[in-house]
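Have a look at the structure below before the remarks.
Here, residue 1 is the first one in the sequence, and each next residue gets the next number. Just so you know, these numbers come straight off a predicted model, no measurement behind them. Computed over heavy atoms, backbone and side chain alike; hydrogens, waters and symmetry mates excluded.
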Amino acid sequence: MSQCAGCWQLAGGHGREVFDGLKDKLRAHAEAGFTTFDTADIYGPSEGILGQFSSSWKDAGKQPLQVFTKYVPNIFNSRPSPASVEAAIKKSLSNLQVEQLDLVQMHWWDYNIGGMVDAAKCLADLQAKGLIKQVGLTNMDVAAVSKIVDAGVPVANNQVQFSLLDRRPLNGMLEYCQAHGIKLMSYGSVAGGLLSDRYVEEPKKGLFGQAKFSPVELNTSSLKMYWGVAKQFGGQELWRELLQVLHQVAQKHNVSVANVALRWVMQQGDAHTVFPIVGMRSAAHIQDNVRVLSLQLDAADLAAIDEVLAKATGPAGDIYSFERGN
């Protein structure tokens, strides 16, 4: 698995077009080699849709797909118990029409609410029973991952936001994961499209000589979220400067800006730890995403990008820090 197709858009907030021709989109991704899909128990009908598709794919004589899901308990209502954890996992098994879940990634909304480690240990128990193949985490910081690992839970991965705009995994998480053999699956690596050719443009001159760009239409939940990240990164001016550098690197390699953004994430650390999730809102980007696998950024490319990144003002802190109010 070098890239994984993400299904967060099915949770809502991305328009009805996400569901238009959905089976064809899933088939196109699978036929192009994107045979790993990422979903969650809170992504609306996503698990059920993937369950139906993967079942029909297998019935057609194809190699089984990998489907990664998440366990996201509503800890504000009640503390998870072994029975409730098992019930949630069995519901995902039913939705996905499998006897064993490939990967279950646990999210914990608030570290001040107890029970996180116990819930992770419940997942490990279900792994021992054969209901789960691998146990993972999502949006956990170094301290939380460390507590769970120290409790004996065999953590396979941590899914986190990681991009040129959000480099918080470099503040300890990547180093920890490499030392413990844990994979980092990254979402938001093209920032909902903000790190793509779509927004590359030469500025016009404003009335007083200032640079003037076309307005950014924040018409999806993803764009609204990642625009907030871009503002912490350094605002529109620095984001546009980064896009220009990425565009120059892309032209040099005859690839897209999104290719460069994804490849930068994949080359972090030992270049064998980070695996990006690509959105599957459209099938139009499939062949473009495939090109990432043959791209290699050289020292000059990385130096040019680093020159812009050195001016960034954030986001600061550990994984999912400001989202938790830290």
With a sphere of 6.0 Å drawn around NZ of K252, does it hold more than 12 non-hydrogen atoms of other residues, nucleotides or ligands? yes
So CG of L22 and CD1 of I49: to nearest 0.5 Å the spacing works out to 5.0 Å
Begin from the C-alpha positions of S92 and E47 and carry the test side-chain hydrogen bond (donor to acceptor under 3.5 Å, both in side chains) through to its verdict. CA-CA 7 Å; S92 290; E47 281 189 337; 2.9 Å; yes
Tell me, yes or no, whether the heavy-atom count around E31 atom CD, taken from other residues, nucleotides or ligands under 6.0 Å, exceeds 12. yes
What are the two closest non-hydrogen atoms of H180 and V149, and how far apart are they? CD2-CG1, 4.3 Å
Count the heavy atoms of every other residue, nucleotide or ligand shown that sit under 6.0 Å from CD of Q296, and state whether that count exceeds 12. yes
Between I148 and M106, is a side-chain contact (heavy atoms from CB on, under 4.5 Å) present by the stated rule, with each step listed? CA-CA 11 Å; I148 292 169; M106 188 183 80; 4.2 Å; yes
Check step by step if side-chain hydrogen bond (donor to acceptor under 3.5 Å, both in side chains) holds for T273 and D270. CA-CA 7 Å; T273 297; D270 60 10; 2.8 Å; yes
Are the side chains of L101 and K133 in contact, using a 4.5 Å heavy-atom criterion? no
Quick one: are D118 and R79 in side-chain contact, heavy atoms under 4.5 Å? yes
What's the shortest heavy-atom distance between G192 and Y226, and which atoms? N-CD1, 3.3 Å
Above 12 or not: heavy atoms from other molecules or residues under 6.0 Å from CG of D59? yes
Give the intermediate values and the outcome of side-chain contact (heavy atoms from CB on, under 4.5 Å) for residues F162 and W264. CA-CA 10 Å; F162 194 5; W264 181 88; 3.9 Å; yes
Any side-chain heavy-atom pair from L184 and F275 closer than 4.5 angstrom? no
Verify, without hydrogens or angle tests, whether Y43 (side chain) and D38 (backbone) share a donor-acceptor contact under 3.5 angstrom. no
Distance only, no hydrogens: is a donor on one side chain within 3.5 Å (strictly under) of an acceptor on the other, for N158 and Q105? no
Could you walk me through whether R263 and Q267 satisfy the side-chain contact (heavy atoms from CB on, under 4.5 Å) test, starting with their C-alpha distance in whole Å, then the side-chain angles of each, then the deciding distance to 0.1 Å, before giving a yes or no? CA-CA 6 Å; R263 190 69 224 182; Q267 286 186 213; 3.3 Å; yes
Between N259 and H253, do the side chains contain an N or O donor and an N or O acceptor separated by less than 3.5 Å? no
Of the non-hydrogen atoms in S214 and R240, which two are nearest, and what is the gap between them? O-NH2, 3.1 Å
Identify the heavy atoms of Y176 and S146 that sit nearest to each other, and give their distance. OH-CA, 3.3 Å
Under 3.5 Å, is there a donor-acceptor pair between the side chain of Q244 and the main chain of E201? yes
Are side-chain heavy atoms of Y320 and D141 found at a separation under 4.5 Å? no
Side chains of R291 and S256: donor-acceptor distance under 3.5 Å anywhere? no
Do Q159 and T138 pair up side chain to side chain, a donor and an acceptor below 3.5 Å, judged on atom types alone? no
Parallel, tilted or perpendicular, as decided by the 30° and 60° cut-offs, for the rings of H107 and W109: perpendicular
Side chains of F322 and P315: closer than 4.5 Å at any heavy-atom pair? yes
Check step by step if salt bridge (charged side-chain N to carboxylate O under 4.0 Å, His left out) holds for R324 and D318. CA-CA 11 Å; R324 283 193 168 92; D318 206 332; over 6 Å; no
What residues form a side-chain hydrogen bond (donor to acceptor under 3.5 Å, both in side chains) with K224, not counting sequence neighbours? none
In Å and rounded to the nearest 0.5 Å, what is the OG to NZ distance from S56 to K23? 7.0 Å
More than 12 heavy atoms from other groups under 6.0 Å of CD on Q100: yes
Stepwise salt bridge (charged side-chain N to carboxylate O under 4.0 Å, His left out) check, E323 with R168: CA-CA 12 Å; E323 294 90 340; R168 284 177 290 177; 2.9 Å; yes
N139 versus Y187, side-chain donor and acceptor atoms under 3.5 Å: yes
Go through L26 and H29 one step at a time and tell me if the side-chain contact (heavy atoms from CB on, under 4.5 Å) criterion holds. CA-CA 5 Å; L26 290 167; H29 278 83; 6.0 Å; no
Heavy atoms, side chains only, cut-off 4.5 Å: are L131 and E99 in contact? no
Do L297 and V249 have side-chain heavy atoms sitting under 4.5 Å apart? yes
Show the nearest heavy-atom pair for residues C7 and S46, with the distance to one decimal. CB-OG, 3.4 Å
Flag the pair L137 / V145 as yes when at least one side-chain heavy-atom distance between them is below 4.5 Å, and no otherwise. yes
